[in-house]
Number of protein chains: 4
Amino acid sequence: MNTNEFKNIAKKGPDDRTAIDLGPVGLGGDSFVIFAGPCRVESRTQIMEAAQGIKEAGGHVLRAGAFKPCTHPHCDWGRGETALRELREAGDTYQIPVITEAMSRSQLPLVHEYSDIIQIGTRNAQNYELLRELGEYPKPTMLKRGTWMNLRETLCQAEWAYFADPARGVSGNPQIFMCERGSVHFNDHMRWTLDLAMIPSFKQVSHLPIIVDISHGTGGPGNTAYYRDLARAAVAVGADGMMVEVHPDPARSMSDADQTISLKEFAGLVDAIRPVAAAVGKQV
Amino acid sequence: MNTNEFKNIAKKGPDDRTAIDLGPVGLGGDSFVIFAGPCRVESRTQIMEAAQGIKEAGGHVLRAGAFKPCTHPHCDWGRGETALRELREAGDTYQIPVITEAMSRSQLPLVHEYSDIIQIGTRNAQNYELLRELGEYPKPTMLKRGTWMNLRETLCQAEWAYFADPARGVSGNPQIFMCERGSVHFNDHMRWTLDLAMIPSFKQVSHLPIIVDISHGTGGPGNTAYYRDLARAAVAVGADGMMVEVHPDPARSMSDADQTISLKEFAGLVDAIRPVAAAVGKQV
Amino acid sequence: MNTNEFKNIAKKGPDDRTAIDLGPVGLGGDSFVIFAGPCRVESRTQIMEAAQGIKEAGGHVLRAGAFKPCTHPHCDWGRGETALRELREAGDTYQIPVITEAMSRSQLPLVHEYSDIIQIGTRNAQNYELLRELGEYPKPTMLKRGTWMNLRETLCQAEWAYFADPARGVSGNPQIFMCERGSVHFNDHMRWTLDLAMIPSFKQVSHLPIIVDISHGTGGPGNTAYYRDLARAAVAVGADGMMVEVHPDPARSMSDADQTISLKEFAGLVDAIRPVAAAVGKQV
Amino acid sequence: MNTNEFKNIAKKGPDDRTAIDLGPVGLGGDSFVIFAGPCRVESRTQIMEAAQGIKEAGGHVLRAGAFKPCTHPHCDWGRGETALRELREAGDTYQIPVITEAMSRSQLPLVHEYSDIIQIGTRNAQNYELLRELGEYPKPTMLKRGTWMNLRETLCQAEWAYFADPARGVSGNPQIFMCERGSVHFNDHMRWTLDLAMIPSFKQVSHLPIIVDISHGTGGPGNTAYYRDLARAAVAVGADGMMVEVHPDPARSMSDADQTISLKEFAGLVDAIRPVAAAVGKQV
């Protein structure tokens with residue numbers, strides 16, 4: 001690994017770490033930040049209920065999709081600005097910052113307007129036009145690692161968004177953080193294989209924060225049975241936070257129902273990781 | 001595989017095949033179509049020389065990059081419209097259709113203006129905004145399979161571009177064809193593993209043509225030693241064509257020099273596949 | 001790739017190729033050798049019928065299991081010496097050499113006694129005790145590549161069997177040849193991904209023959225639909241032969257029924273590859 | 001996953017867990033068991049020093065190779081019985097149980113005679129003759145998961161060794177435990193990808209203990225920098241123990257020097273995981 005390739009995101013020294021201010025909580029410091037919420041904003045009632053429950057249980061950031069990427073084109077693409085407005089209201093009402101995905105340049109202005117944090121999904125991990133555009137939207141922005149990308153490519157992804165290209169009049173976004181969300185792999189009992197060694201590997205080179213998505217990072221029916229163990233492992237391995245799918249009524253979740261837990265289960269999950277966080281010097 | 005998912009690209013019967021008119025040659029019929037050229041349009045002289053040599057050796061389509069996707073941001077992004085103009089001139093002069101990549105919506109108008117065929121790269125294989133936009137640019141369009149995508153996802157990729165979404169006022173592009181270009185894999189002596197079984201697998205379900213990129217499909221120093229064998233295998237496995245990197249002076253190629261062959265080697269390659277093509281009822 | 005590592009199996013020059021005498025046919029020369037037969041020797045009648053049909057259709061070697069490796073222990077381990085005796089009789093009656101697997105040292109004497117060619121399976125690809133023992137059984141021996149092994153490890157596997165260790169009083173077996181049979185991979189519509197680029201890669205370094213198993217190399221329901229195309233690709237890519245599962249009555253095959261073709265389909269397969277073989281200077 | 005396939009190793013209820021008595025420590029209960037030691041027994045001095053340091057630092061089991069599997073045949077196969085004798089002496093002197101690998105049936109009697117725990121390596125993960133033989137050697141036995149094996153195959157591996165085949169007069173070994181040691185993968189900055197989700201996945205089905213090898217589970221130059229984080233993650237994810245390579249003088253280690261830590265570093269590692277173990281109800 002030639003770390004000179006990464007002029008902007010490479011650590012200047014062993015203790016060089018970027019902290020990103022998410023409002024009530026800081027990412028990249030001593031807090032283990034929990035991003036939770038439903039796959040989609042399905043209704044005002046659903047997202048308000050989710051926000052309240054997640055905040056009460058100790059979650060720090062509310063996640064939910066307004067624009068939904070779909071592998072298959074004949075699908076429901078989400079409720080767009082209506083969903084963004086509801087998400088914003090839920091965040092304001094329960095004083096919890098919100099994150100949602102922008103799938104394209106054309107969605108960035110709206111997402112930037114309504115959301116506290118911008119999410120760029122795994123399918124756009126090497127969509128350079130989109131990565132370059134992030135400099136125009138100066139908010140904390142989470143990049144999901146591509147499911148096919150090795151460490152160098154992951155570092156390049158962060159460098160792209162952070163740096164953009166001043167020489168061409170395009171400046172980057174210094175509030176970038178990464179999300180590990182599993183890789184394609186030969187295993188077949190889960191949809192993806194979660195590469196937790198990516199956390200210390202990335203942190204060895206870069207000063208940027210990195211979190212773990214335990215829901216999409218494994219995927220598929222039955223993976224909720226492992227959330228407690230994977231969440232604890234994410235804390236222990238040194239991640240700066242985690243993301244998990246939570247729904248007020250998982251059985252009625254319009255998507256990803258299989259990998260979604262209830263508010264009560266979420267509260268249990270938060271409790272289960274607190275002692276591990278404490279053991280590694282983090283607070284939840 | 002539920003082929004009902006693919007309403008538009010699924011075959012209606014065993015002999016349902018789409019043929020795409022590329023001008024002097026048809027893709028998806030009895031011809032094995034050879035796409036060849038340098039990684040980049042480096043200069044007018046270089047691309048004119050490449051066009052002439054490729055046409056004389058029996059190549060059918062001239063490929064070369066004007067806009068270059070770069071894993072690392074501190075790189076040369078190509079010569080843009082200048083390159084497109086030179087590519088167009090080379091195509092016109094030597095009567096050979098040209099293909100070049102559009103990396104983003106903003107590049108589509110220019111690429112559409114200058115190029116006979118539009119290429120969408122592997123990194124944008126699930127960039128749905130870009131795929132949807134293709135309906136606005138009614139030219140033959142090649143989609144490279146994502147290096148991480150299984151058969152269903154590959155079929156979805158084609159369905160996206162072909163179908164778009166009429167209900168939302170977005171129509172697709174019926175002149176879509178695919179390009180197999182290798183997958184991420186544990187092997188380390190080449191950069192990617194070329195999955196030739198993807199050709200009959202894709203054709204079992206879809207009526208669209210599919211070609212093989214033998215250069216990027218393996219990748220890395222030394223892979224040119226296998227071009228003859230891989231090209232023959234691509235013909236024999238039933239692909240509708242292939243793509244290969246060819247440069248008038250490979251050692252001076254500004255990029256991908258390792259995986260680029262000379263015009264003379266290219267002529268030998270074309271000769272080497274002719275008998276195999278004949279053996280499977282194709283003509284080169 | 002440091003080819004000095006492979007003192008014995010590395011080519012001494014570009015044309016250095018080992019030919020192995022299989023009786024009526026030579027492996028590693030101008031012949032494309034077809035190994036065909038049922039997964040298991042199920043009965044005398046079945047294997048006699050298979051032998052006759054395969055010989056008549058143009059197959060060169062009869063394959064069938066007497067000892068069966070089973071991923072799951074609660075399984076049928078094959079009919080052992082009874083099966084070997086029937087396989088031998090079928091080979092003698094129809095004048096076709098036979099190949100069958102030895103799963104362990106303890107099975108080697110019997111397999112050596114009854115079979116013309118010894119097969120070592122993928123699960124034993126790094127079972128060094130077994131590889132070393134092969135020097136004691138001087139017959140042509142086929143090693144299946146491990147589904148997890150990269151090029152270097154595959155070359156090491158061949159070097160182990162070929163070389164053994166004279167310094168420790170263990171000599172090797174110079175009649176070794178390899179079989180490519182697919183790799184673990186993220187694809188899910190077939191069981192394995194067939195890496196045809198392994199053929200020229202292996203031949204670039206080693207003088208040993210290498211064949212392709214198109215049945216196990218893909219695996220799973222439906223893969224027989226691709227046998228014609230994969231067999232043609234195997235010839236075209238430069239393999240010295242191929243292996244395919246054939247049964248007089250596939251629907252009643254005790255194992256691997258999904259990936260087994262009938263004698264009539266086999267005859268069509270052989271006919272389908274003849275012109276491709278001729279096109280690359282091989283004869284079937 | 002059809003758990004009925006695993007009659008013997010499947011859990012009878014959610015709390016069904018096997019505990020294996022390793023002497024001073026029990027595996028599969030509330031202890032997190034640390035297996036540590038050099039790659040090889042290089043000399044009496046080396047292994048005595050290692051045993052003393054590991055015991056003092058809080059390690060529970062001394063690991064070291066007497067017979068060494070080598071991917072390449074022209075290698076040093078270890079010091080055999082001499083090494084076993086020294087390992088035994090080190091274990092007795094410092095009252096620490098020892099584990100070492102048997103690569104073959106012929107090595108089992110000696111390994112059984114000298115060692116407290118038998119190790120079967122990843123290359124023999126589907127060497128059924130060896131797995132079946134384990135019933136004859138009634139000692140705790142660790143099976144390393146094959147680097148290519150999915151969950152079902154891993155469960156089959158354990159079922160093989162545990163069950164063998166009483167109907168054929170072969171009984172199994174009920175003191176089996178598993179070791180997760182990474183998978184083949186496309187990543188290239190480490191040699192293998194450690195699949196920590198395999199721990200809860202395996203435990204969901206089976207009552208057998210499972211540990212994590214953090215050294216071989218990642219592999220390659222530089223991975224020692226991640227040992228603290230990976231060890232903590234192994235504890236947190238619910239593993240019953242871990243294995244790590246430790247040498248009195250890593251720089252002079254005859255093999256695997258890159259992935260070996262010193263006794264002092266090992267002591268720091270043990271200290272680093274204690275609070276995490278406590279946090280998840282385990283003791284180190």
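Within every chain, numbering begins at 1; the chains are lettered A, B, ... in the order of the sequence lines, protein sequences first and strands thereafter. Only a predicted model underlies this, so the values are computations on that prediction, with no experimental measurement involved.
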- request: Could you grab the distance from atom CG of B:Leu155 to atom OG1 of A:Thr71, nearest 0.5 Å is fine?
  value: 12.0 Å
- prompt: Looking at A:Gln157, A:Met149, A:Arg132, A:Glu153, which has the largest count of heavy-atom pairs under 4.5 Å with chain B?
  reply: A:Arg132
Contacts with chain A made by residues 176-197 of chain B (heavy-atom distance under 4.5 Å), listed by residue number: B:Val184, B:Arg191
query: Are A:Gln107 and B:Glu129 close enough that some pair of their side-chain heavy atoms sits under 4.5 Å apart?
result: no
- prompt: Who in residues 115-128 of chain A is close to chain B, using a strict under-4.5 Å heavy-atom cut-off?
  reply: A:Arg123, A:Asn124, A:Gln126, A:Asn127, A:Tyr128
query: Quick one: what part of A:Arg105 sits under 4.5 Å from any heavy atom of chain B, side chain, backbone, both or neither?
result: both
query: Any idea which heavy atoms bring A:Pro73 and B:Cys156 closest together, and the distance?
result: CD-O, 4.1 Å
- prompt: Between B:Glu5 and A:His74, does any side-chain donor sit less than 3.5 Å from a side-chain acceptor?
  reply: no
message: Has B:Trp160 got a side-chain atom pairing as donor or acceptor with A:Cys70's backbone, closer than 3.5 angstrom?
response: yes
